[in-house]
Amino acid sequence: QVQLVESGGGLVQAGGSLRLSCTASGSIFSINDMRWFRQPPAGQREQVAAITSGGSTNYADSVKGRFTISRDNAKNTVFLQMNSLRPEDTAVYYCNADVLIEVPGGRQREYRYWGQGTQVTISS
């Protein structure tokens, strides 16, 4: 049983900043890749950033240079620092993580988990 919980969303004016966080809890052996996705009101869900267990990152072109993904492995937490926000950044933001869980017999299996989402609204 693994849960991912996002926090830090809210309403901010264009040009402002927000910092999202997502913490995983449960029977976790380790966490591999962690990611942030977003889904605008009338759009499709898209990946905006990802980070590996070793700290390598990648970003969607639309957020490159404005958003920074980071993680704290000791706390099973991933962050998304969002600067220079634009109205088109308005969306529900979701984190996900590839989690290695412990199963009976001392084995591990990897599952992809999703958080519940947090609303980010940017006013013009």
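Note that this is a predicted model, so its numbers are computed, not measured.
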TODO: Verify side chain to side chain contact (heavy atoms under 4.5 Å, CB included) between I122 and V120, making sure each step is shown before the conclusion.
DONE: CA-CA 7 Å; I122 313 302; V120 171; 3.8 Å; yes
Open item on the list: Quiz question: by atom type and distance under 3.5 Å, do the side chains of D33 and T52 form a donor-acceptor pair?
Closed with: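 There is no such pair between these side chains.
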TODO: Scan side-chain atoms only and decide if T23 and T77 contain a donor-acceptor pair under the 3.5 Å cut-off.
DONE: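 Side chains of T23 and T77: pair found under 3.5 Å.
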Task: W36-V92 co-clustered via ILVMFWY side chain contacts under 4.5 Å - done: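 No, W36 does not connect to V92 through the hydrophobic network.
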Open item on the list: For a quick test of reading the model, state the closest non-hydrogen atom pair linking A91 to R38 and the distance between them.
Closed with: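 Heavy atoms only, the tightest pair is CB-CB, 3.8 Å.
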TODO: List the atom of R112, the atom of D98, and the distance in Å for their closest heavy-atom pair.
DONE: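 It is NE-OD1, 2.8 Å.
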To the nearest 0.5 Å, tell me how far [X] [atom1] sits from [Y] [atom2].
| X | Y | atom1 | atom2 | answer |
| --- | --- | --- | --- | --- |
| F37 | N96 | CZ | CG | 5.0 Å |
| L18 | M82 | CG | CE | 4.5 Å |
| C22 | Q116 | SG | CD | 8.0 Å |
| I28 | Q3 | CD1 | CD | 8.5 Å |
| N73 | I31 | CG | CD1 | 7.5 Å |
| F79 | C95 | CZ | SG | 11.5 Å |

Under a 3.5 Å distance rule, please check whether [X] uses its side chain to pair with a backbone N or O of [Y] as donor and acceptor.
| X | Y | answer |
| --- | --- | --- |
| E46 | Q44 | no |
| E102 | R107 | no |
| E6 | G117 | yes |

Task: Heavy-atom check, side chain of V48 versus side chain of R35, under 4.5 Å - done: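 Not touching, per the 4.5 Å side-chain cut-off.
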Task: Residue pair I51 / V78, side-chain heavy-atom distance below 4.5 Å - done: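 Yes, their side chains come closer than 4.5 Å.
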Open item on the list: Can you tell me how the ring of W114 sits relative to the ring of Y94, calling it parallel under 30°, perpendicular over 60° and tilted otherwise?
Closed with: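 Because their plane-to-plane angle is over 60°, the rings of W114 and Y94 count as perpendicular.
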- [ ] From the options V2, N76, N32, select the one residue that forms a side chain to side chain contact (heavy atoms under 4.5 Å, CB included) with V99.
- [x]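 Result for side chain to side chain contact (heavy atoms under 4.5 Å, CB included) with V99: V2.
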TODO: Might you work through the salt bridge (Lys or Arg N to Asp or Glu O under 4.0 Å) test for R86 and D89, ending with a clear yes or no?
DONE: CA-CA 5 Å; R86 306 165 180 168; D89 295 319; 5.4 Å; no
